[in-house]
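Okay, structure first, notes after.
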Amino acid sequence: MKNWQKLSLTISVAVLALLLEFGFKKPLFTQGLVTVVGAILALSMLIEMVKTLRSGRYGVDLLAIIAIISTLIIGQYWASLIIILMLVGGESLEDYAANRASRELHKLLENSPTIAHKQIGDHYQDTPIEDMKIGDVVLVKPSELVPIDGDILEGASWFNEASLTGESEPVAKQKGEAVLSGSINGETAVLVTVTQLASDSQYQKIVQLVKESEATPAEFVRLADRYAVPFTIIALLIAGGAWIVSGDMTRFAEVLVVASPCPLILAAPIAFVGGMSRSSRHGLLVKNGTTIEKLSLAKTVAFDKTGTLTTGILQVKCIRPESEALSEDDLLQLAYSLEIASNHILAKSLVKLAESKGISRLAVSDLTEETGLGLSGVINGKAYRIGRAKFANTKDEKISGTAVNISENDVFIGRILFEDKVRAESKDVIEKLKGLAVSHIMMLTGDNLKTAETVADELGITEVHAQLMPSEKIDILNALPEANRPMVMVGDGINDAPALALSDVGIALGASGATVASESADVVVLRNDLSLIPESIQISRETMKVAKEAVLIGIFICIALMLIAATGVLPAIIGALLQEVIDTVSILYALKALKDRK
């Protein structure tokens with residue numbers, strides 16, 4: 001039975017019991033009803049507790065079960081009902097604190113390629129990718145998601161693989177080159193020969209990696225559970241001592257009534273709900289209370305690069321004319337005039353810069369695009385080419401970043417360099433994390449090593465792992481020693497989803513529309529602002545401080561009342577009501593987590 005069902009049943013039984021006891025004057029019926037329901041719920045909790053113990057973990061339910069059973073045995077059914085109501089209410093609250101946010105993969109599966117345009121004779125038939133065989137030929141139309149891994153049979157195009165590999169620049173592919181499922185085709189249709197079954201294709205591997213990562217979450221002991229064992233031992237010692245000294249089992253039950261672990265069950269979840277609400281006000285969606293606990297203890301933060309530490313948008317870095325006779329604006333004007341009709345991501349960046357500078361377009365004739373190579377056209381009677389180095393009649397120099405090269409009448413006249421700029425707040429974020437005593441900061445990226453190291457050097461990140469596939473990111477995270485955990489992974493793309501799911505805390509920059517990453521993460525940054533990462537850790541630490549204080553206040557009051565109850569001056573029903581006073585005090589204190597600190 002789910003917790004909300006238990007709560008509904010308990011409230012219904014409480015209302016019915018009140019009617020029977022005080023409306024119809026039927027105390028025996030009331031006692032029978034509460035005893036049966038109490039026994040059923042106690043048995044249900046006992047079964048869950050056994051499952052928990054078998055998994056190698058422990059919880060706070062043992063005291064509550066003993067308290068319910070002992071009060072039922074001595075006939076204190078109202079005290080038993082109050083304990084049940086608080087216990088089930090606390091568990092329901094904990095469910096609510098999770099914000100009903102499961103880490104299901106439905107968005108990933110919805111967006112996963114399901115149909116391929118299979119070539120049959122001289123026509124194409126939409127076929128489920130599960131039915132595709134190695135050697136089949138499929139048509140990939142412009143702007144379509146590649147449905148299955150394969151090699152290009154006919155045509156050439158550029159493919160956006162950023163969500164798979166982290167590479168910000170689209171990759172030009174020609175006949176014979178491999179294409180990955182999940183990458184997005186550019187503006188030219190291509191025929192692809194299938195080289196992998198759907199289940200072995202790159203996109204499906206990522207789906208499977210996320211499933212496996214979520215199925216094996218890291219072990220973590222919750223705040224309430226850490227206090228459960230010593231609190232249970234103290235309560236049983238006091239209750240057992242009172243029984244032995246008095247020789248009366250009633251004394252045992254009376255002690256355990258005030259020892260009910262409701263402060264443990266209620267205070268922490270309420271503090272977490274407060275912390276989650278506070279996080280939400282700051283633009284952070286925290287999916288459950290356990291995430292706050294782990295985040296507060298974070299020792300390692302791993303960042304993806306493209307779209308996380310950087311903007312993910314290639315922008316013009318510099319313009320380099322080959323001769324002094326040609327100015328930067330002259331070279332930009334030529335590039336702008338040639339690239340205006342192209343949909344390539346670099347062309348868009350060029351056009352945006354030229355238009356922002358008010359540069360006019362030149363008339364172009366005989367404009368031709370050679371996919372994967374570049375554009376050619378005639379301007380003022382001269383033949384121009386823009387694109388790859390070889391296409392523009394120059395050598396492919398070792399440069400940091402991406403470049404387009406331009407030639408005039410087959411003579412190289414200059415190049416324009418692009419870069420994925422580092423976010424303005426990234427350096428400050430790294431410094432703040434170091435200030436929060438996060439001892440281990442690293443970069444995990446699918447981008448090339450030189451680009452990754454350039455960004456890392458600028459930000460002060462000393463550990464860099466580049467040219468990684470999703471499974472390789474997981475291997476690195478799995479290899480982290482226990483001393484460097486809990487570990488936080490921050491990313492934004494499909495390629496980050498498995499690592500986000502596997503990590504102790506996955507943080508997704510959801511504002512960029514990376515639905516898959518958001519579904520796999522424990523925290524989603526709702527604003528496109530990386531500075532919320534250290535803020536999320538700070539809020540979590542302050543929330544945990546309040547939660548611990550609220551729990552300890554409840555525990556100390558409980559122990560004091562247990563000692564009083566051991567003398568026999570507190571009847572079980574009074575003890576149960578006093579327990580609600582303890583709960584109220586703990587709850588009111590826990591609500592401090594809602595407030596921002598000055």
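All residue numbers in this chain count up from 1 along the given sequence.
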Value rounded to 0.5 Å, distance of CD in E254 from CG in L570
7.5 Å
Any side-chain heavy atom of I441 within less than 4.5 Å of one from E463?
no
Nearest heavy-atom neighbours spanning N528 and R423
OD1-NH2, 2.8 Å
Going from CD1 on I553 to OH on Y589, what distance comes out if it is rounded to the nearest 0.5 angstrom?
5.0 Å
Side-chain donor or acceptor of R251 paired with backbone N/O of S246 under 3.5 Å:
no
Return the CG to NE2 distance between D475 and H465, rounded to the nearest 0.5 Å.
11.5 Å
Does atom CZ of F556 have more than 12 heavy-atom neighbours, drawn from other residues, nucleotides or ligands, at distances under 6.0 Å?
no
Kindly give the heavy-atom pair with the smallest separation between T308 and G491, and that separation in Å.
OG1-CA, 3.6 Å
Quick one: CG on L578 to CD1 on I564, what's the gap to the nearest 0.5 Å?
8.5 Å
Step by step, would you call M443 with V455 a side-chain contact (heavy atoms from CB on, under 4.5 Å)?
CA-CA 10 Å; M443 180 194 294; V455 173; 3.9 Å; yes
Answer whether the closest heavy-atom distance between the side chains of K548 and V551 falls below 4.5 Å.
no
Kindly indicate whether the side chain of V37, heavy atoms from C-beta on, has any atom under 4.5 Å from the side chain of T10.
no
Under a 3.5 Å distance rule, please check whether T300 uses its side chain to pair with a backbone N or O of N484 as donor and acceptor.
yes
Apply the test side-chain contact (heavy atoms from CB on, under 4.5 Å) to residues C558 and F231: give CA-CA distance (whole Å), side-chain angles for both, the deciding distance (0.1 Å), then the verdict.
CA-CA 10 Å; C558 275; F231 183 68; 4.0 Å; yes
Would a 4.5 Å heavy-atom cut-off, applied to side chains only, mark V438 and I537 as touching?
yes
Stepwise side-chain contact (heavy atoms from CB on, under 4.5 Å) check, V422 with K427
CA-CA 9 Å; V422 172; K427 189 172 180 62; over 6 Å; no
Any non-hydrogen side-chain atom of L477 less than 4.5 Å from a side-chain atom of M442?
yes
Answer yes or no: is there a side-chain heavy-atom contact under 4.5 Å between P498 and L502?
no
Can you spot which of D496, L500, L309, L468 makes a side-chain contact (heavy atoms from CB on, under 4.5 Å) with D304?
D496
With a 6.0 Å cut-off (strictly less than), is the heavy-atom count around NZ of K595, excluding the residue itself, greater than 12?
no
For G283 and L532, the nearest pair of non-hydrogen atoms, with its separation, is O-CD1, 3.7 Å
Derivation and outcome, side-chain contact (heavy atoms from CB on, under 4.5 Å), residues R541 and L436:
CA-CA 10 Å; R541 289 182 179 177; L436 289 169; 3.7 Å; yes
Any donor-acceptor N/O pair, T310 side chain to G307 backbone, under 3.5 Å:
yes
Tell me which pairs pass salt bridge (charged side-chain N to carboxylate O under 4.0 Å, His left out) where either residue lies in residues 273-285, with sequence neighbours left out.
R278-E542, R278-D596, R281-D596
When every non-hydrogen atom of V34 is compared with those of A17, the smallest separation belongs to CG2-CB, 4.1 Å
Can a donor-acceptor pair be found, under 3.5 Å and without considering hydrogens, that links the side chain of D522 to the backbone of G506?
yes
State, with a plain yes or no, whether a side-chain heavy atom of I430 is found less than 4.5 Å away from one of F303.
yes
Contacts of S531 meeting side-chain hydrogen bond (donor to acceptor under 3.5 Å, both in side chains) (sequence neighbours excluded), chain-then-number -> D529
Please report the closest heavy-atom contact between E425 and L530, naming both atoms and the distance.
OE2-N, 2.9 Å
Check whether any side-chain heavy atom of T543 lies under 4.5 Å from a side-chain heavy atom of S296, and answer yes or no.
no
I474, L444, I507 screened by side-chain contact (heavy atoms from CB on, under 4.5 Å) with M489, the one that passes:
L444
CG (L295) and OG (S279) are apart, to the nearest 0.5 Å, by 8.5 Å
Using every non-hydrogen atom in the two residues, find where A271 and A593 come nearest and quote the distance to one decimal.
O-CB, 3.3 Å
So does S8 get a backbone contact from the side chain of S12, meaning a donor-acceptor N/O pair under 3.5 Å?
yes
About how many Å separate OG1 of T291 and CG of L284, when rounded to the nearest 0.5 Å?
12.0 Å
